[in-house]
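Some notes on the structure that comes next.
Computed from heavy atoms alone, side chains included, the values below leave out hydrogens, waters and symmetry copies. By convention in this document, chain letters (A, B, ...) are assigned in the order of the sequence lines, proteins followed by strands, and residues within each chain are numbered from 1.
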There are 2 protein chains.
Amino acid sequence: MQKNIKILVVEDDKNLANNIASFLCDFAQVDIENDGLSGKFAAIEDVHDLIILDLMLPGMNGYDILKNIREEKINTPVLILTAKTELDDKVHGFNLGADDYLTKPFHREELQARVKALLKRSGISADESVLKLNNIEINLNNHEVKINNQLVELNGKEYDLLVYLLQNKNIILTKDQIFERIWGFDSDTSITVVEVYMSNLRKKLRPSKNDYLIKTIRNVGYICQDEEQN
Amino acid sequence: MQKNIKILVVEDDKNLANNIASFLCDFAQVDIENDGLSGKFAAIEDVHDLIILDLMLPGMNGYDILKNIREEKINTPVLILTAKTELDDKVHGFNLGADDYLTKPFHREELQARVKALLKRSGISADESVLKLNNIEINLNNHEVKINNQLVELNGKEYDLLVYLLQNKNIILTKDQIFERIWGFDSDTSITVVEVYMSNLRKKLRPSKNDYLIKTIRNVGYICQDEEQN
DNA sequence: TTCAAATTTAAGCTTAATTTAAGTTAGTTT
DNA sequence: AAACTAACTTAAATTAAGCTTAAATTTGAA
């Protein structure tokens, strides 16, 4: 199975970091950074589905990393994993935009469960491999896309794009984010491909009247929304 | 203030339930159920944005409630709040589809923070990302503007302007400040655009009788005020 | 190697946002 | 009340973002 899920672990204890990686690797690709600055850099430059963040780090502390990435409008779920057990630390972490907070020492199983819960809530699934929106269904295992139970043929990039949009439903994605995710931040193709692929994708969604689900927000980006949200 | 957020608390300790309600009520409407069966019933029959669920309950235990509501395809985020601190209980809870798990005794602030984090992740916002004034609501996540729950279409600069005004409600903003903020201090367009955009914005607010909210202060600037401030 | 499909580029088109300009209204000052 | 000024409104002109198409190029399977 292809791992569509990317998790960033920012943790200076290399043993622990490797440990975490080892028990998340069944269902996700794990990147590790061992100091604050490169952690922040990785979080901003690369697209991840989840970030596990230590607080006490050399270079830059976890709070500042979190603050920085939220200021950069990066919405990735963040789980703080730390030895700090004080209420104030927890509240501060959540206020800066964390999604969960787990204190060390912890059980492997609990971290795993919390990670999966966060991914699920963000529309990314570690277990079930079917993404749904309205009457669109994507099977992440066999890459089949069905609309009203009718198979729709998408090529590689069209598929990637639709998956990325659905994984971020109800959230605006900028052209740059989309480009970085699908083409890679170091790609030397022109960013206008994003428009071309949006157009192609919409054309294929049009016969089933689902093209409207991809909304353009001029000067900002694109968003895919649940029906009821309108 | 209108509360758009509804939280269901299923908890047999009536004191505790009322307590929880009292410190969530700043930003949400809280329903309380004191036994398992009516808890399950309320969860299925009524729409909530979040469910806080005790595990040990008369009538039906929390696990079964959770299992039931997920089988009914109800996707509402669930936070388990319980005295059970065992790892197995936590893992079981998450496996049944819980989104968070907090053990008693707990701090008011932590529950509050976790509730807000869950709401944020579900696209419902308890704070920052929804700006409100009177019956105007701006969702900063998807850039939707609603008046009396009715969608209003604003173009980019109109949106920026309204956001800036609401972010500074009850404060006078000078034309220069507005121009600098929306058009940029080095813009070479004429500052009279500010008046044009104020006019356009008011025109769009007029059908819902909200245009008066933007008040001109001659020779000084503009101000947006709360109803009761007048 | 060949061919088909996927990807990328380039160009023109469409739509909508933005800006300018000019006329109108309303408030201030004398 | 007249003259003056600030702010409002409207509509036309301009600009730009995004969409679409088709041709050119690349890739990869047979």
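- A salt bridge links A:E195 with A:K175: at least one charged nitrogen is closer than 4.0 Å to a carboxylate oxygen.
- Rounded to whole Å, the distance from CG on B:L201 to C1' on C:dT18 is 15 Å.
- Across the protein-nucleic acid pair, A:D188 atom CG and D:dT25 atom C1' stand 14 Å apart, rounded to whole Å.
- Comparing atom distances between the B:V196 side chain and each of D:dC8, C:dT9, C:dT19 picks out C:dT19 as nearest.
- For B:Y222, counting side-chain heavy atoms from C-beta on, the closest listed nucleotide (D:dG18, D:dA7, D:dT20) is D:dA7.
- Between A:R70 and A:D99 there is a salt bridge, since a side-chain N of the basic residue sits under 4.0 Å from a carboxylate O of the acidic one.
- Rounding to whole angstrom units, CG of residue B:N200 and P of C:dT20 are separated by 14 Å.
- Distance from the side chain of B:N155 is smallest to C:dT18 among D:dG18, C:dT18, D:dC8.
- In the set D:dC19, C:dT20, C:dT7, C:dT7 carries the atom at the smallest distance from any side-chain atom of A:K157.
- Listed nucleotides C:dT8, D:dA6, D:dA16 differ in distance to A:R218; the shortest reach to its side chain belongs to D:dA16.
- When distances are taken from the side chain of A:R202 to each of C:dT19, D:dC19, D:dT21, the shortest belongs to D:dC19.
- Using a 4.0 Å cut-off between a side-chain N of Lys or Arg and a carboxylate O of Asp or Glu, B:R206 and B:D211 qualify as a salt bridge.
- At a threshold of 4.0 angstrom between heavy atoms, the contacts of A:S199 include nucleobase atoms, whether or not backbone atoms are also involved.
- With D:dC19, C:dT18, D:dA7 as the choices, the nucleotide that has an atom nearest any side-chain atom of A:N219 turns out to be C:dT18.
- Side-chain atoms of A:N210 and A:S208 form a donor-acceptor pair, as typed in the model, at a separation below 3.5 Å.
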